[in-house]
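Here the structure is laid out as structure tokens; the discussion comes afterwards.
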Amino acid sequence: MILIDGKKAAAELRAELKQEVTELKAKHNKVPGLTVILIGDLTPSQIYVRNKEKSANEVGLKSEVIKYPDSVEEKTVLEKIKELNSDKTVSGILVQLPLPKHIDKQKVIEAIHPSKDVDGFHPMNVGNLSSGYESSIPCTPLGCYLLIKKFEPNLNGKKAVVVGRSNLNGKPMTQLLLKENCTVTITHSKTKDLKAECLEADIIVAAVGIPELVRGDWVKKDAIVIDVGINKTDKGIVGDVHFEEVSKNAKALTPVPGGVGPMTIACLLKNTIDCFKRSQI
Ligand code: NAD
């Protein structure tokens, strides 16, 4: 079994992006800028935002974090987004989720101009992705896609099973695999026989949020298995795939941690740079 090292792949991607930022700076005399809006004091969100800022600085992006207390009014956030939409020094805007209950998530997502939507959540980007047009692509599935392609460049005709149908992971992942000419099955909590579906797959992407759901005897020999899950358990952080069992069957597998996670942030930086490049045309 080959371990797909997301940490290494993310470091390589960041190095490429750093080089790209240097070249863009020489050409345009400015660098892409990422602005993150952080609302409230949820510790995981604070950690994610700190990591995003650190990585953005590392590759040479201009980065800014705007913080609001939990009690901030929705209209204050929407006005700030409007201001950032017309700020030429801002290439990408990200509002860290989850939001406090009194703020309408969809309203916030739709307020971000699609050309600055580095999360790829705006309906315009969702539609463009499913139509096969250029778009921002949600960072985690983009990271999964890059890991799969690095390992197996030609996915023509492969059978892929995506476990989970969230807007964040499962659905965009399905679109990316379709674009690569995979035959894709998308499965979810109401799927009748998940094991049987998985046993058909050359590629499995698990994005569920149930610790070690995908077992060793669900995976055929030579499958590529990508584990998106991050689950806190008594034995520490585990994925949605039973690592020990599946590693005995799969051709390649991502670990948790150190698999998809590091690629997610690197892809956010990539999306910011791509938004900048599109804005310079
Ligand atoms: P979600 O809760 O939005 O969606 C989960 C999906 O799993 C749903 O579509 C549901 O139908 C499906 N599901 C639930 N029970 C199932 C079952 N028994 N069998 C098959 N499908 C089932 O979750 P999400 O936001 O997509 O996140 C999924 C996991 O990925 C979580 O563990 C989350 O922490 C992790 N995650 C990781 C990263 C990363 O960077 N690695 C990023 C985002 C999310």
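Heavy-atom basis, side chains included; hydrogens, waters and symmetry copies ignored. Start at 1 and go down the list; that is how both ligands and their atoms are numbered.
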Please confirm whether [X] comes within less than 3.5 Å of ligand 1 when only nitrogen or oxygen atoms on both sides are compared.
X	value
I230	yes
S166	yes
T264	yes

Original post:
What residue among D70, V95, L78, V72 forms side chain to side chain contact (heavy atoms under 4.5 Å, CB included) with I103?
Top reply: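 Running side chain to side chain contact (heavy atoms under 4.5 Å, CB included) over D70, V95, L78, V72 with I103 returns exactly one hit, V72.
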Subject >> Identified side chain to side chain contact (heavy atoms under 4.5 Å, CB included) counterpart of K30 within the set K25, Q280, K88 >> reply: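 By the side chain to side chain contact (heavy atoms under 4.5 Å, CB included) criterion, K30 pairs with just one of K25, Q280, K88: Q280.
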Original post:
Is it true that atom CD of E244 has more than 12 heavy atoms of other residues, nucleotides or ligands lying nearer than 6.0 Å?
Top reply: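 Counting neighbours around CD of E244, 12 or fewer heavy atoms of other residues, nucleotides or ligands fall under 6.0 Å, so no.
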Original post:
How about K62: does its NZ atom have over 12 heavy atoms from other parts shown lying under 6.0 Å from it?
Top reply: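 Correct, the count exceeds 12.
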Which residue supplies the protein heavy atom nearest to [atom], what is that atom called, and how far is it?
atom	answer
atom 5 (C) of ligand 1	V208 O, 3.3 Å
atom 11 (O) of ligand 1	S189 N, 3.2 Å
atom 36 (N) of ligand 1	V228 O, 3.7 Å
atom 9 (O) of ligand 1	R165 N, 2.8 Å
atom 21 (N) of ligand 1	H188 C, 3.1 Å
atom 31 (C) of ligand 1	G209 CA, 3.6 Å
atom 42 (C) of ligand 1	T140 OG1, 3.2 Å
atom 18 (N) of ligand 1	I210 CD1, 3.6 Å

Less than 4.0 Å between a side-chain N and a carboxylate O, is that true for [Y] and [X]?
X	Y	value
K159	E200	no
E53	R50	no
E79	K75	no

Only heavy atoms of [X], strictly under 4.0 Å: list the atoms of ligand 1 that pass.
X	answer
L168	25 (O), 43 (C)
N231	32 (O)
G164	6 (C), 7 (O), 9 (O), 12 (C)
L194	19 (N), 20 (C)
G261	40 (O), 41 (N)
V260	41 (N)

Subject >> ligand 1 contact by T191, heavy-atom criterion under 4.0 angstrom >> reply: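 It does not, in that no heavy atom of T191 comes within the 4.0 Å cut-off of ligand 1.
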**OP:** Tell me yes or no: between the side chains of S130 and Q175, is some donor less than 3.5 Å from an acceptor?
**Re:**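 On atom types as modelled, these side chains do not qualify, holding no pair under 3.5 Å.
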Original post:
Without hydrogens or angle criteria, can the side chains of S91 and T272 be said to hold a donor-acceptor pair below 3.5 Å?
Top reply: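 Result is no, nothing qualifies.
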Original post:
Under 4.5 Å between any side-chain heavy atoms of Y145 and L177, yes or no?
Top reply: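 Not in contact.
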Subject >> Test item: F243 and V256 side chains (from C-beta on) under 4.5 Å apart, heavy atoms >> reply: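 Counting from C-beta outward, F243 and V256 never come under 4.5 Å.
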Subject >> Side chain T254, main chain D227, donor-acceptor under 3.5 Å >> reply: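 At least one qualifying donor-acceptor pair exists.
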Original post:
Who gets closest to atom 43 (C) of ligand 1 by heavy atom: D240, N167, N169?
Top reply: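 Comparing heavy atoms across D240, N167, N169, the nearest one to atom 43 (C) of ligand 1 lies in N169.
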